[in-house]
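Read the structure below first, then the notes.
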Amino acid sequence: MTDKTVIEQTAHNYIESLVLTSDPLNPKWNRENFIFRKQPKWNYMDGCMIRALLMYGGERYISYAVRFTDSYVDEDGGIPTINVLDFNLDNICGGMNLIKLHELTGFERYRMAYERLYSEQLAVHPRLKCGSFWHKAIYPNQIWLDGAYMALPFLASYGSLKGDNSIISDVLSQVGNIRSIMHDEDTGLYFHGYSEDRNIFWADCETGLSKEFWLRSNGWLCAGLADLYEITQDDSVGKMLSELVNSLSRYLTDDGMLLQLPARPENVKNYPETSGTLLYAYGAMKGHRLGVVEKNAAEFGISALSAVTEKYIDRSGDIPVLKNICLMGGLGGEENRDGSADYYLSERIVENEAKGIAPYLMAAYELSVY
């Protein structure tokens, strides 16, 4: 197993050599912007990275988070590069940073920004009949597991700040919908997506569920549940996290990794995927720290973090290079993504992308306080 010091040094090197040296309008970790030549805008990849950075605290890190966030948030709390009518849950991810930065700095722009994310989007966000948010306006009547990390911890934090138990109840109801609708009893894993309409091509016509258990979506859920339990201290959330961590642990490979499609080890195209493995590691360790995940499961999480560090990070250069990151994954859309095993195994694999580096920093932080 990789020494704890090596993991902490690797995380420190990432922060110093890649994060703090990045131009906020052209961050080195945002491979999607580079590959697809996107213009800089508020997005969840950057939100995850700043969220990870703020876990570590310290004046230099907070100062960078302020500089980065101020590049996207106006003095009146507006975020010009998002359209709230997109009703995109991914855009809520950075709301956690706004709450934290307001707590740390007292700057009003952050309070106004998170108030606007709630009042202008979440308070009027379209919902399925069961009460859960649509994932995006372009994905009507659909739940994706990703939203459990992107939006629900922010909504719970906002409800806690306001002392509004109805908001917390809403969050817990949406988590309950994920458990009752998307959970598979045989594997203990969760299907990536659910369509209430049941008439979209990727969904089962009877259940409305997508076909496969995609690792990173289960990883987002794992991390989201850990964060939600910290905020709500709700027993049902803690139990759901413990069950998911235990289920994922059963699919670890002999070298401590999880596969892109965890329940399909027989597929010759399948491969160890780092971002989802790291989200699992984070959820396992944090869940144990909070008292809801058993120690042996947390140890599996530490082993997974160690395996990623030892076998999938090249530490020979000035900047570490994290490999085996699935760049994107989704259902439907312009690409007609059908949710099949072949689809998930055809998505581009990249290096040093935020969806892998941020979970690495998150997991390394949890190890440091384990």
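Numbers here simply count residues along the sequence, with the first being 1.
Panel note: side chain Ser22, backbone Lys28; a donor-acceptor pair is recorded below 3.5 Å. Looking only at distances, no side-chain donor or acceptor of His135 sits under 3.5 Å from a matching main-chain atom of Ile143. A donor-acceptor pair is defined here as one N or O able to donate and one able to accept, closer than 3.5 Å; no such pair exists between the side chain of Arg127 and the backbone of Ser132. Panel note: side chain Asn141, backbone Asp197; no donor-acceptor pair is recorded below 3.5 Å. Judged by distance alone, the side chain of Arg109 and the main-chain N or O of Val73 form a donor-acceptor pair under 3.5 Å. Listed for the Asn97 side chain is a donor-acceptor partner under 3.5 Å among the backbone atoms of Gly47. Between the Lys211 side chain and the Asp338 main chain, a donor and an acceptor come within less than 3.5 Å of each other.
Here the side chains of Leu122 and Leu89 are in contact, with some heavy-atom distance below 4.5 Å. In this structure the side chain of Glu351 never reaches within 4.5 angstrom of the side chain of Leu322, judged on heavy atoms. Side-chain contact between Leu189 and Asp184 is absent, with no heavy-atom pair separated by less than 4.5 Å. You'll find the side chain of Met150 reaches within 4.5 Å of the side chain of Trp220, heavy atoms only. With a 4.5 Å cut-off on side-chain heavy atoms, Leu305 and Tyr282 do not count as touching.
Using a cutoff of 4.0 Å between basic side-chain nitrogens and carboxylate oxygens, Glu196 and Lys129 are not scored as salt-bridged. Salt-bridge annotation for Lys286 and Asp227: present, with a side-chain N of the basic residue lying under 4.0 Å from a carboxylate O of the acidic one. Look at Asp146 and Arg216 and you find no salt bridge, because none of the NZ, NE, NH1 or NH2 atoms lies under 4.0 Å from a carboxylate O. At a threshold of 4.0 Å, the pair Glu185-Arg179 counts as salt-bridged, since one of the basic side-chain nitrogens sits closer than that to a carboxylate oxygen. Ion pairing between Asp204 and Arg198 fails under the 4.0 Å rule for side-chain N and carboxylate O. The existence of a salt bridge linking Arg116 and Asp74 is excluded, since no basic side-chain nitrogen approaches an acidic carboxylate oxygen closer than 4.0 Å. A salt bridge is absent between Arg315 and Glu310; no separation between the charged side-chain nitrogens and carboxylate oxygens falls under 4.0 Å.
Within 6.0 Å of the CZ atom in Arg264, the count of heavy atoms belonging to other residues, nucleotides or ligands does not exceed 12. Heavy atoms of other residues, nucleotides or ligands lying less than 6.0 angstrom from CZ of Phe34 number 12 at most. Within a 6.0 Å sphere centred on OH of Tyr44, other residues, nucleotides and ligands contribute more than 12 heavy atoms.
For the residue pair Thr274 / Asn324, no side-chain donor-acceptor distance below 3.5 Å is found, with atom types taken as modelled. Ser157 and Tyr114 form no side-chain donor-acceptor contact under 3.5 Å, judged by distance and modelled atom types alone. Counting only N and O atoms by type, the side chains of Asn91 and Asp86 include no donor and acceptor under 3.5 Å apart.
Of the inter-residue distances, the one linking Thr253 atom OG1 with Leu258 atom CG reads 7.5 Å to the nearest 0.5 angstrom. To the nearest 0.5 Å, atom CG of residue Leu228 and atom CD of residue Gln233 are 11.5 Å apart. One distance of note links CZ of Phe213 with CG of Leu145; it measures 10.5 Å at 0.5 Å rounding. The structure places CG of Leu98 at 12.5 Å from OH of Tyr158, a figure rounded to the nearest 0.5 Å. Of the inter-residue distances, the one linking Tyr194 atom OH with Ile178 atom CD1 reads 12.5 Å to the nearest 0.5 angstrom. Atoms CD and CG, on Glu230 and Leu241 in that order, are 11.5 Å from each other to the nearest 0.5 Å.
Considering every non-hydrogen atom in both Ala304 and Tyr280, the closest pair reads CB-CE2, 4.0 Å. Pairing each heavy atom of Ala203 with each of Ser195, the nearest pair is CB-CB, 4.0 Å. The shortest heavy-atom contact between Glu273 and Leu215 is O-CD2, 3.7 Å. Contact between Glu212 and Gly339 at its shortest, heavy atoms only, is CG-O, 3.4 Å. The heavy-atom pair separating Tyr343 from Gly330 by the smallest distance is OH-N, 2.9 Å. Summarising the geometry of Glu115 relative to Lys162, their closest heavy-atom pair is OE2-NZ, 2.5 Å, with the distance given to 0.1 Å.
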Using side-chain contact (heavy atoms from CB on, under 4.5 Å), reason through Asp234 and Val175 one step at a time and then give a plain yes or no. CA-CA 11 Å; Asp234 182 81; Val175 172; over 6 Å; no

Using side-chain contact (heavy atoms from CB on, under 4.5 Å), reason through Ile181 and Thr207 one step at a time and then give a plain yes or no. CA-CA 9 Å; Ile181 295 171; Thr207 66; over 6 Å; no

Apply side-chain contact (heavy atoms from CB on, under 4.5 Å) to the pair Met240 and Leu225, showing each step before the final yes or no. CA-CA 8 Å; Met240 193 169 160; Leu225 289 171; 3.9 Å; yes

Check against side-chain contact (heavy atoms from CB on, under 4.5 Å), Arg51 and Tyr149: CA-CA 12 Å; Arg51 197 160 158 182; Tyr149 182 81; 3.4 Å; yes

Run the side chain to side chain donor-acceptor pair (under 3.5 Å) test on Asp70 and Tyr110 for me, step by step, so that the C-alpha distance in whole Å, both residues' side-chain angles and the decisive distance to 0.1 Å come before the verdict. CA-CA 9 Å; Asp70 287 358; Tyr110 304 135; 2.7 Å; yes

Full working for side chain to side chain donor-acceptor pair (under 3.5 Å) between Gln174 and Asp170: CA-CA 6 Å; Gln174 295 199 48; Asp170 180 18; 3.3 Å; yes

Salt bridge (charged side-chain N to carboxylate O under 4.0 Å, His left out) evaluation trace for Lys323 with Glu353: CA-CA 9 Å; Lys323 304 173 183 179; Glu353 212 275 339; over 6 Å; no

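Shown here are the side-chain hydrogen bond (donor to acceptor under 3.5 Å, both in side chains) partners of Glu335, two or more places apart in sequence or in another chain: there are none.
Among the candidates Ile231, Leu152, Val292, Leu172, the single residue satisfying the side chain to side chain contact (heavy atoms under 4.5 Å, CB included) test with Val237 is Leu172. When each of Tyr61, Tyr56, Tyr14 is tested with Tyr365 by the rule ring-ring contact (aromatic ring centres under 6.0 Å, His included), just one qualifies, namely Tyr56. The ring-ring contact (aromatic ring centres under 6.0 Å, His included) with Tyr139 is formed by just one residue from the set Trp202, Phe133, Trp144, Trp134; it is Trp144. Here the rule is salt bridge (charged side-chain N to carboxylate O under 4.0 Å, His left out) with Asp90, and of Lys136, Lys41, Lys355 only Lys136 fits it. A side chain to side chain donor-acceptor pair (under 3.5 Å) with Trp214 is found for one member of His192, Gln260, Glu347 and no other, namely Gln260.
Connectivity analysis of hydrophobic side chains (ILVMFWY, heavy atoms under 4.5 Å, direct or indirect) links Val268 to nothing; its cluster partners are none.
The aromatic rings of Phe68 and Tyr64 are tilted relative to each other, their planes meeting at an angle between 30° and 60°.
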